[in-house]
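Encoded as structure tokens, the structure appears first; notes follow it.
Side-chain atoms are counted along with the backbone in the values below, which use heavy atoms only and exclude waters and symmetry mates. Sequence positions, counted from 1, serve as the residue numbers for this chain. One-based numbering, in listed order, for ligands and for the atoms of each.
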Amino acid sequence: MLKKLYGYFSNKKSLAQLQVIPREDHNISRRNISHSALKVIQRLNQSGYESYLVGGGVRDLQLGGRPKDFDVATSATPEQVKQIFRNSRIIGRRFKIVHVRFGREIIEVTTFRAHHDANTDKDQPSSDSARSDSGMLLRDNVYGDIVSDACRRDFTINALYYTTNNFCIHDYTNGMDDLQQQKIRMIGNPAERYKEDPVRMLRAIRFAAKLNFSIEPATEKPIAQLRSLLTNIPSARLFDESLKMFMGGYSLACLQQLDKYKLLEFLSPPAATAMVNQASARSFFERTMRNTDKRLANDLRVTPAYIYAALLWPAVCAEESHLITKGEHPARALQLAAQHVIGKQVKHTAIPKRFTQSMREIWELQFRLLNPRGQQFFTLVEHPRFRAAYDFLLMREENGENLNNMGVWWTNFQSANEEERQVMATNFTTKSKPQKTKRRRSNHQKSPAKN
Ligand code: ATP
Ligand code: MG
């Protein structure tokens with residue numbers, strides 16, 4: 001049973017009920033908190049400011065998980081934080097935060113925000129606060145106290161504050177109960193909060209997927225109505241959000257949530273269309289996400305290029321076939337299709353060039369891995385994108401495409417010694433010679449889009 005101490009705090013906008021959960025009634029142990037985060041909290045306290053661990057750090061530790069990062073909330077302004085930590089940098093304009101760096105680890109420090117609405121905004125200097133016509137917060141740098149800070153956070157489970165002064169959790173929004181009941185609940189009026197920041201819709205389904213929680217009805221309901229507000233979000237932010245969805249270790253569950261709430265079309269219209277219209281595309285995406293989650297669970301590297309290459313592959317294949325039907329040379333059709341589909345995609349999520357370049361390479365290597373010629377056998381395995389392209393090829397085969405068992409062939413080629421490789425290359429070339437043209441085309445055009 002939680003021991004609860006009640007107190008009432010009021011601020012201009014909200015009346016929040018504080019529950020203080022003592023150390024013996026929660027799971028958060030200092031041992032599981034990063035030393036850097038503890039250092040930041042303690043230094044801020046010593047300098048006379050309030051400071052707490054908040055957000056995913058508290059939530060995930062309470063659930064027995066390993067937090068992705070540690071966020072600190074403080075009464076110090078970004079400038080005051082910066083003065084305390086030499087190793088820090090103020091970042092962001094829409095939402096100023098301080099990054100305190102310890103080697104490779106970054107602790108995000110945010111100043112207590114005030115929950116401000118359209119009326120209070122009128123009293124604020126426009127450099128601190130701004131709102132669009134649809135109610136979206138364009139800037140949110142109005143500072144407040146811990147109560148107002150709790151109220152402007154997104155979900156109750158993300159608004160738990162852990163203090164190192166007496167190791168209690170301060171809960172202003174009944175977040176501990178929601179954690180226990182496995183509920184994602186928006187703080188305040190859900191529709192208003194989505195209008196302020198439509199990305200909260202993506203965050204709601206991401207946490208539901210990650211934690212296997214349900215979204216409580218009032219928080220869930222406005223999504224269907226308001227989802228189109230996501231078109232107002234800059235593509236750079238949506239790209240970041242897509243990475244959190246697909247590279248957080250629970251991408252399959254995220255994909256299922258995106259599908260359930262019809263939100264995939266705001267991250268990737270080409271993928272959403274393919275997913276709805278082709279069973280093979282759906283299973284290809286699910287396979288990609290399952291593999292990605294498995295790799296992450298095994299501490300293997302994953303890259304956004306591979307995930308986006310998979311998500312856009314059915315659209316690229318469809319476009320390629322379309323271009324060939326219109327008379328485009330097959331060798332050029334893939335290039336043009338890639339350009340077209342990537343062009344469409346980056347309007348929604350701003351995939352950096354280095355990744356789009358890798359995506360093109362993964363796609364182009366599909367053709368070359370199916371039709372190796374001459375010395376290509378030996379150069380292909382050295383190609384920087386070989387491994388990704390080979391994995392991609394295996395995944396296509398597993399998804400039911402008939403690619404003449406070339407996946408197995410490349411598996412064997414990689415494990416063969418020099419001499420065996422020579423024999424394999426010669427055999428392949430001799431065997432494939434008579435039907436070279438025919439096989440090239442049929443292999444190349446096979447795609448999940450057509451199965
Ligand atoms: P994770 O780091 O595991 O993705 P998190 O909850 O820590 O989850 P962050 O994006 O690191 O998420 O944000 C830290 C905290 O900041 C959140 O827990 C939440 O309290 C608050 N927050 C982040 N984004 C928003 C938002 N768009 N609206 C309101 N509050 C937000
Ligand atoms: Mg976090």
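Seen from the ring of F95, R113 counts as a face-on cation partner, given the 6.0 Å and 45° thresholds.
Of all atoms in ligand 1, listed by their number and element, those nearer than 4.0 Å to a heavy atom of K210 are 3 (O). Ligand 1 places these atoms under 4.0 Å from at least one heavy atom of G56: 5 (P), 6 (O), 7 (O), 18 (O). Near R206, with a cut-off below 4.0 Å to any heavy atom, the atoms of ligand 1 are 4 (O). For ligand 1 and G55, the ligand atoms under 4.0 Å from any heavy atom of the residue are 18 (O). Heavy-atom proximity to D197, at under 4.0 Å, picks out these atoms of ligand 1: 26 (C), 27 (N). Of all atoms in ligand 1, listed by their number and element, those nearer than 4.0 Å to a heavy atom of R59 are 1 (P), 3 (O), 5 (P), 6 (O), 8 (O). Here is the list of ligand 1 atoms found below 4.0 Å of a heavy atom in K68: 1 (P), 2 (O), 3 (O), 4 (O).
Ranking protein heavy atoms by distance to atom 29 (C) of ligand 1, first place goes to D154 N, 3.3 Å. If you check which protein heavy atom lies closest to atom 22 (N) of ligand 1, you get R203 NH2, 3.6 Å.
Y172 and H170 have perpendicular rings, their planes meeting at more than 60° on a 0 to 90° scale where under 30° would count as parallel.
A donor-acceptor pair shorter than 3.5 Å can be found between the side chains of T77 and Q80. There is no side-chain donor-acceptor pair under 3.5 Å between S268 and Y308. Between E192 and Y194, the side chains place no donor N or O within less than 3.5 Å of an acceptor N or O (distance only, hydrogens not considered). Donor-acceptor pairing under 3.5 Å is recorded for the side chains of Y161 and D149. Side-chain polar atoms of T74 and E50 form no donor-acceptor pair below 3.5 angstrom. In summary, the side chains of S214 and Q182 do not present any donor paired with an acceptor at a separation below 3.5 Å, with no hydrogens or angles considered.
Vertex the Mg ion (ligand 2); arms to D69 atom OD1 and D71 atom OD2; angle 100° (nearest 10°).
Contact annotation: E196 has no heavy atom less than 4.0 Å from any atom of ligand 1. Taking a 4.0 Å cut-off on heavy atoms, D69 registers as neighbouring ligand 1. Under a 4.0 angstrom heavy-atom cut-off, E108 registers as lying outside contact with ligand 1.
In terms of polar-atom proximity, R200 is counted as a contact of ligand 1, with an N or O under 3.5 Å from an N or O of the ligand. Considering both main-chain and side-chain atoms, F207 never comes within under 3.5 Å of ligand 1 through any nitrogen or oxygen pair.
Between R385 and D391 no salt bridge is recorded (no basic side-chain N to carboxylate O distance below 4.0 Å).
Distance check: I205 CD1 to Q256 CD gives 11.0 Å after rounding to the nearest 0.5 Å.
Residue contacts with ligand 1 for R153 involve both N, CA, C or O and side-chain atoms from C-beta outward (heavy atoms, distance under 4.0 Å).
Counting heavy atoms only, N158 comes closest to atom 18 (O) of ligand 1 of the residues D71, I97, D60, N158.
In this structure, F207 has its ring center no closer than 6.0 Å to that of F213.
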